[in-house]
Amino acid sequence: MKIIFHGHSCLELQLKEDTLFIDPFITGNPSAKITKDDIKKCDYIILTHGHADHYGDTDFLAKKFDATVLATFELAVYIAKKGIKTHELNLGGGFNFPFGRVKLTLAHHSSSTPDGTYVGEPAGVVVTADEKTIYHAGDTSLFEGMKIIGDTNKIDYAFLPIGDNYTMGIDDAVKATELLNPEYVVPVHYNTFDLIKADVEQFKRKVESIGKKCLIVKPGESIDC
Ligand code: NI
Ligand code: MN
């Protein structure tokens with residue numbers, strides 16, 4: 001699997017057969033090193049919630065590539081009305097797709113679409129494919145249930161927001177790393193905008209002080225695993 005970080009919370013997972021995007025916020029994302037037109041393959045899109053900095057280019061990519069959008073029930077219904085293929089899931093529910101398994105987990109945040117439509121609960125997501133397990137927390141506060149997510153999944157890479165203001169800040173994300181116990185934590189959702197500036201080196205030092213490994217991936221960089 002190759003995981004490309006496009007800045008903010010946007011991940012591109014290049015699997016053996018399929019390419020998945022999680023929260024495909026490219027247009028309007030000041031950290032992105034590509035434009036939406038640079039994307040050559042997109043089979044599935046996973047949305048953690050409806051906010052514009054996550055929903056991003058979902059409509060464009062889904063229509064261009066005839067991709068299927070995976071989202072919580074209310075968000076999937078909203079998207080399906082645009083003539084886009086969807087697969088609805090809900091919190092705690094997983095499904096075995098041709099490429100691997102996707103399970104939605106709790107996230108404590110809110111969820112409305114760019115046009116202001118309220119679309120139910122936000123989610124985190126566990127993707128297991130090509131013998132690797134990725135956890136993308138979505139936008140969330142710290143919560144005790146992260147311990148259960150860590151106990152029930154052997155997480156290789158946990159992508160956690162550290163930018164504060166809208167989500168966990170550094171100290172809460174360090175605590176989350178302890179609860180989730182991933183092989184590596186990768187900080188996301190910081191420095192995209194002034195409101196979410198964070199000292200990522202400080203996060204890394206704090207993670208290492210509890211005996212965990214932190215991988216800082218810059219926008220445009222990737223992880224081969
Ligand atoms: Ni949000
Ligand atoms: Mn966000």
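Order of appearance sets the numbers: ligands from 1, and atoms from 1 within every ligand.
For the side chain to side chain donor-acceptor pair (under 3.5 Å) condition, no pair includes a residue of residues 161-170, sequence neighbours left out.
Taking 4.0 Å as the cut-off between side-chain N and carboxylate O, K63 and D59 do not count as a salt-bridged pair. One finds no salt bridge joining E201 and R205 here, because no Lys/Arg side-chain nitrogen approaches an Asp/Glu carboxylate oxygen to under 4.0 Å. In this structure, K175 pairs ionically with E178, as a charged nitrogen and a carboxylate oxygen lie closer than 4.0 Å. The pair K41-D43 meets the salt-bridge criterion, with a side-chain N (NZ, NE, NH1 or NH2) lying under 4.0 Å from an Asp/Glu carboxylate O.
Restricting D139 to its N/O/S atoms, the shortest distance to the Ni ion (ligand 1) is reached by OD2.
Coordination check, H51 versus the Ni ion (ligand 1): passed, since an N/O/S atom of the residue sits under 2.8 Å.
For the Mn ion (ligand 2), the neighbouring protein N/O/S atoms at less than 2.8 Å, given as residue and atom, are D53 OD2, H54 NE2, D139 OD2, H189 NE2.
Classification of the F25-H8 ring pair by plane angle, with boundaries at 30° and 60°, yields perpendicular.
Within the 4.5 Å cutoff, side-chain heavy atoms of H136 are placed close to those of T48.
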